[in-house]
Structure formats: structure tokens, C-alpha cells
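Computed from a prediction, not measured in an experiment: that's the story for all the values here.
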Amino acid sequence: AHTAAGKHIRFPPGRYLISAAITFPSYTDVTLIGEGPNASMLVTATNSISMISITGLAARIAIKHLWIGSLSARTGVTGISIVGTSSASPCSAIRIEDVVIQNVNTPMVWTDVHQSSTKRMSIVHSIAGGVTGVGVTFKGVITCLVEDLMVLATTTTFGDDNIRVDQDCDSIVLEAVTIYGGTTGHGIRFMNTAGTTGPRLTRAHNCYVELCSLDGYTVDAGRDIRIQGCHSALNRSGYHVSGGDSIVVSDCLAYVNNQHGFNIDGGTGTAVLGCTASNNGQTTDATYSGIRVENNVTHCRVIGNRSGNFITATANEQLYGISIGATSTDYIVCKDNDGEGNTASSVISFSSGANNDLDIEATYTTTLTGFATPPTGTARYRREGRHVSIYFPAITGTSNATTCTLTGMPVEIRPLRNQGFLLLIEDNGVLAFGWGVVATSGVITLYPSSQLNASGWTASGTKTLIEQAVNFSLD
């Protein structure tokens with residue numbers, strides 16, 4: 001059925017059977033209005049239709065106070081389809097308010113739409129075979145606001161991503177979106193299927209995502225995307241950045257997700273700022289991190305976050321508060337983070353990137369060699385940018401060699417070239433100033449005097465490293 005331009009079309013309380021699309025082909029100034037989603041219901045029993053279709057250069061179309069959907073499983077049904085002629089000739093000024101779309105295969109699709117909005121909408125999946133596709137898809141959408149949207153599954157799960165912000169979108173704001181009940185895909189996904197670019201200047205504020213088989217928030221492509229003040233729980237990973245430029249996740253919570261709380265494995269200029277990650281890694285104990293920067297990531301900032309197992313007691317817990325991959329990670333800034341309360345260390349970096357700027361405080365087990373039975377001790381270190389301080393406890397044992405080394409240093413505090421420093425040592429009861437040289441391998445060779453004679457130790461009696469702290473540069 002075609003609607004006339006410049007009209008208000010009212011649906012008094014009741015059920016209206018939709019057997020063909022209600023279409024707005026390039027119309028302007030039309031309002032489709034009911035008496036509320038519990039009163040005015042547009043119901044289809046037909047397959048392969050778009051229940052409401054807005055096309056061409058349609059403008060100033062409003063859809064308000066309606067229920068749109070099916071009471072049984074259908075195939076090929078779209079709830080609301082808005083498709084402009086092209087990016088240069090879009091639909092515009094479309095307003096959707098107080099509308100429920102329920103149990104249609106593809107609830108809502110926007111393509112080439114400008115300066116439009118939705119407010120107080122619900123997308124609901126409540127029967128098996130109800131929503132089989134993506135809940136909401138945006139392509140080529142520019143300057144649009146999505147406010148107070150509920151995406152809810154009460155029976156089984158959505159068949160794909162809940163919300164997909166796809167190619168060539170610009171300046172979309174997702175405000176107070178709630179996703180709950182499950183999907184086989186992602187919660188909110190930013191991507192580029194086949195466009196010129198991924199989404200740009202796009203925001204997700206105060207959103208809530210739970211129970212996705214894949215990640216709660218995913219950025220596969222895009223530029224200048226901000227995810228701020230959001231919640232992610234019971235998903236695969238809470239937040240996942242695999243691509244894009246200038247992606248910032250700030251003031252967000254990742255809680256009891258199955259794998260990492262925040263997982264960065266691509267993109268450039270990514271930042272995780274002021275976030276909280278707690279009790280993630282629920283799939284397998286002591287395997288996943290609160291915040292993980294994967295191999296091959298460069299130009300990433302992780303600053304001012306709290307990551308640990310502290311909100312509740314769970315059987316499975318995070319291994320590290322923050323972990324940084326070993327292979328080709330560089331230009332990583334990791335500062336001012338609180339990683340107390342993880343199964344292993346708070347912050348750990350396996351990266352040897354020459355341009356990393358890391359603040360890390362942790363411990364490791366160091367072994368003193370050149371003994372009949374090599375003694376060990378727990379060393380505590382702090383890395384601040386390119387400077388390292390290590391506290392060594394007193395370690396002593398029975399000597400059986402004229403050499404002595406300290407081993408076990410983790411890779412993130414190994415220098416780029418040999419570094420030397422004074423040490424207090426004791427050789428067979430004689431206290432002296434010795435010399436230590438840490439090599440690029442992390443092995444510290446101890447010299448019993450400043451003459452740098454590494455074989456000058458006594459091969460019997462005792463050798464002792466006195467309790468002390470040492471400092472050196474990574475450069």
C-alpha cells in the first residue's frame with residue numbers, strides 16, 4: 001500500500017494484518033502513528049516482505065507509538081527498511097519513536113539515510129526463528145542519533161549481531177542502548193563490509209551489553225570511534241578492537257566475560273583509558289587477562305585502568321591484570337594502572353619493543369648460579385618508562401665455581417645493550433663492593449670486585465648477594 005504525502009495516518013487500538021509493504025517512495029511529511037505499542041499492532045503472516053519501506057528521497061517521515069512484527073516464525077521479513085537512492089540522494093529527517101519491532105527476521109535496516117533518529121525503541125526476539133538476521137544495520141548513515149534502544153531476546157538468541165554500524169557511516173551516536181538475552185554474533189559491531197571506509201566519528205555512550213556468543217563491543221574497522229561509559233558482561237570478550245584508527249574505550253566496565261575483558265589485536269592509535277576489568281576469563285581459569293594487547297599491535301595506550309578479580313568471587317579468574325604480547329608489539333604506553341588481585345602478576349609485558357613506555361611493578365624468581373645447589377629469591381621490580389629498579393633479597397649458598405650470575409629476569413625489563421652497576425657482595429665471608437652487568441638476555445653477571453674479573457670468586461665457602469636495590473636504563 002502506498003501512503004500519501006503530507007498526511008497523518010492513524011492506527012486506533014487494534015491488530016492490523018499487513019500482507020504487503022506500507023511504502024513511502026520519496027514521500028515527504030508523513031506521520032504513521034498509533035496509540036502505543038500495546039494497543040496499535042501491525043502484524044504480518046506473510047513471508048518475504050518489508051512491513052514498512054521508506055525509499056528514494058523520502059524526508060520528514062515519522063513512525064510513532066506502534067508494534068510491528070509477527071506472532072509466528074516467518075522467513076524473509078524486514079520490520080522497517082529505509083533505503084535512500086544513494087549517498088548523494090539519501091532519505092532524511094526520519095523519526096522513529098516509541099516503536100516495538102518483534103519477531104521479524106531482520107528488524108531494521110537503514111541505508112543512505114541522513115539526519116535521522118530513533119527514540120524509545122525495542123527490538124524483541126521472543127519465539128524460535130523470530131529474529132534470524134542482524135537486529136539493526138546502518139550503512140551509509142550520516143548524522144543520526146539512536147537513543148534509548150532496547151534489544152532483547154527472551155527465547156533462544158538473535159541469529160546475528162544485535163547492532164551493526166557498517167560501511168561509510170559518519171557521526172552516529174548510540175546513546176543508552178541496552179542489549180540483553182543473547183545473540184550468536186556480536187552486541188555492537190563497527191565494521192566495513194564493502195564500502196570506502198568503515199564508520200567515522202561514531203559514539204557509543206552509556207550502553208549495556210550482555211550474553212553475546214561473540215564480543216560485546218567489536219571494532220573491526222573505522223576512524224575516531226569512542227566507546228564511553230559502557231558495560232559489558234557475560235560475552236566472549238567484553239571489548240574487542242581488531243582494526244581501525246583512533247579507537248578509544250574509556251570509563252567502561254568489563255565484568256565476568258568469558259575471555260579477555262578488553263582485547264586489542266589490531267588497529268592503530270587505540271586507547272583503553274580509565275576502565276575497569278574484573279573477573280573476566282570465565283571460560284578457563286588463569287588463562288585470560290583483564291586487558292590484553294596482542295602480538296603485532298603498535299601505537300596503543302593503556303592508561304589509568306583498574307584490572308583484577310575484585311568485584312565478586314568466581315571459580316575462574318583473570319591470569320594477568322594487563323598483558324602485552326611478545327611479537328612485534330611496539331610504541332605501547334602502559335601507565336598508572338592498578339592491577340592488584342590477579343592470579344599471576346598485575347601487569348606483564350612480553351614485548352621487547354624499543355619504543356614502549358611502560359609502568360610495571362611485579363616480582364619474579366631469580367636464581368643465583370655458581371653453587372652446589374643454586375639458591376633462589378623473589379626479586380621485585382618496577383619499570384617506569386625506560387628506567388628499571390630491582391630489589392633483590394639476600395641470597396646465599398655454598399660456592400662450587402669461580403663465577404656467579406643472576407638469572408630469571410622477565411623480558412620487559414631487559415635492556416637493549418649491556419648495563420652496569422655497583423653491587424654489595426660477600427665472597428667467602430669478605431664483604432666488598434662488586435660490579436654487576438645485565439646483558440640483553442637478562443642475565444646479570446656478578447663480579448667480586450671492580451676489576452671486572454668474572455672468574456675471581458672463591459670456588460668454595462659461601463657466596464652472598466647482599467639485600468639491595470639496583471637501577472639501570474633500558475637504553
Side-chain angles (χ1 to χ4, degrees), residues 1-3 9 11 15-27 30 32 34 37 40-56 58 61-64 66-86 90-91 94-113 116-118 121-141 144 146 149-153 156-167 169 172 179 183-185 189 191 193-194:
H2 291 291
T3 56
I9 303 168
F11 291 86
R15 290 185 180 180
Y16 299 84
L17 184 62
I18 306 300
S19 57
I22 300 173
T23 61
F24 299 82
S26 296
Y27 287 169
V30 177
L32 210 63
S40 302
M41 304 177 68
L42 308 186
V43 182
T44 188
T46 303
N47 294 327
S48 302
I49 67 166
S50 293
M51 296 182 68
I52 297 176
S53 176
I54 302 172
T55 58
I61 307 294
I63 304 170
K64 298 181 177 182
L66 289 168
W67 186 95
I68 301 166
S70 176
L71 303 177
S72 60
R74 315 305 317 163
T75 59
V77 176
T78 300
I80 298 176
S81 173
I82 309 172
V83 180
T85 302
S86 66
C91 293
I94 312 299
R95 304 286 182 260
I96 303 174
E97 184 176 348
D98 188 29
V99 170
V100 175
I101 304 176
Q102 187 164 353
N103 297 326
V104 297
N105 308 116
T106 304
M108 190 162 67
V109 176
W110 292 25
T111 303
D112 295 325
V113 180
S116 299
S117 66
T118 74
M121 278 194 71
S122 295
I123 308 293
V124 181
H125 169 80
S126 61
I127 59 175
V131 181
T132 57
V134 178
V136 181
T137 299
F138 299 107
K139 290 184 179 181
V141 176
C144 290
V146 177
L149 170 65
M150 167 71 80
V151 183
L152 176 66
T156 63
T157 60
F158 278 66
D160 209 321
D161 300 334
N162 292 124
I163 298 175
R164 184 178 287 175
V165 183
D166 207 334
Q167 62 202 48
C169 289
I172 293 180
I179 295 173
T183 175
T184 59
R189 187 178 186 185
M191 60 186 295
T193 299

Which atoms form the tightest heavy-atom contact between [X] and [Y], and what is the distance?
{"X": "Leu66", "Y": "Leu42", "value": "CD1-CD1, 4.2 Å"}
{"X": "Ile18", "Y": "Thr46", "value": "O-OG1, 4.0 Å"}
{"X": "Val100", "Y": "Pro37", "value": "CG2-CB, 3.7 Å"}
{"X": "Val77", "Y": "Thr44", "value": "CG1-CG2, 4.1 Å"}
{"X": "Ser40", "Y": "Phe11", "value": "OG-O, 2.6 Å"}
{"X": "Ser26", "Y": "Gly56", "value": "OG-CA, 3.4 Å"}

Practice problem: Check the angle between the aromatic planes of His125 and Phe158 and answer parallel, tilted or perpendicular using the 30° and 60° thresholds. | Solution: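 His125 and Phe158: tilted rings.
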Pairwise side-chain contact, [X] with [Y], heavy-atom cut-off 4.5 Å (strictly under):
{"X": "Arg15", "Y": "Leu71", "answer": "yes"}
{"X": "Asp98", "Y": "Lys64", "answer": "no"}
{"X": "Cys169", "Y": "Val141", "answer": "yes"}
{"X": "Arg74", "Y": "Ser72", "answer": "yes"}
{"X": "Phe24", "Y": "Cys91", "answer": "no"}
{"X": "Ile68", "Y": "Val104", "answer": "no"}

Quiz item: Taking atom types as modelled and ignoring hydrogens, do the side chains of Asp112 and Thr85 form a donor-acceptor contact shorter than 3.5 angstrom?
Solution: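 The criterion, which ignores hydrogens and geometry beyond distance, is not satisfied for Thr85 and Asp112.
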Exercise. Would you check, one step at a time, whether the test side-chain hydrogen bond (donor to acceptor under 3.5 Å, both in side chains) holds for Asn105 with Thr75?
Key: CA-CA 6 Å; Asn105 308 116; Thr75 59; 5.6 Å; no
Practice problem: Please name all residues satisfying side chain to side chain contact (heavy atoms under 4.5 Å, CB included) with Thr157, sequence neighbours left out, ordered by chain then number. | Solution: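 Here the qualifying residues are Thr184.
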Quiz item: Within a reach of under 6.0 Å around CZ of Arg95, are more than 12 heavy atoms found that belong to other residues, nucleotides or ligands?
Solution: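 Atom CZ in Arg95 is crowded, with more than 12 foreign heavy atoms closer than 6.0 Å.
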Practice problem: Could you tell me whether a side-chain N or O of Gln102 sits under 3.5 Å from a main-chain N or O of Val124, the two making a donor and an acceptor? | Solution: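 Judged by distance alone, no pair lies under 3.5 Å.
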Self-check item: Verdict with reasoning, Leu149 to Ile123, per side-chain contact (heavy atoms from CB on, under 4.5 Å)
Solution: CA-CA 8 Å; Leu149 170 65; Ile123 308 293; 4.0 Å; yes
Exercise. Could you check Val43 against Trp67 for side-chain contact (heavy atoms from CB on, under 4.5 Å), going step by step and ending with a plain yes or no?
Key: CA-CA 8 Å; Val43 182; Trp67 186 95; 3.7 Å; yes
Quiz item: How far does CD1 of Ile52 sit from CD1 of Ile80, to the nearest 0.5 angstrom?
Solution: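 Those atoms lie 5.0 Å apart.
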Quiz item: Could you go step by step and tell me if Thr23 and Thr55 meet the side-chain contact (heavy atoms from CB on, under 4.5 Å) rule?
Solution: CA-CA 8 Å; Thr23 61; Thr55 58; over 6 Å; no
Self-check item: side-chain contact (heavy atoms from CB on, under 4.5 Å) assessment of Trp110 paired with Val146
Solution: CA-CA 12 Å; Trp110 292 25; Val146 177; 5.8 Å; no
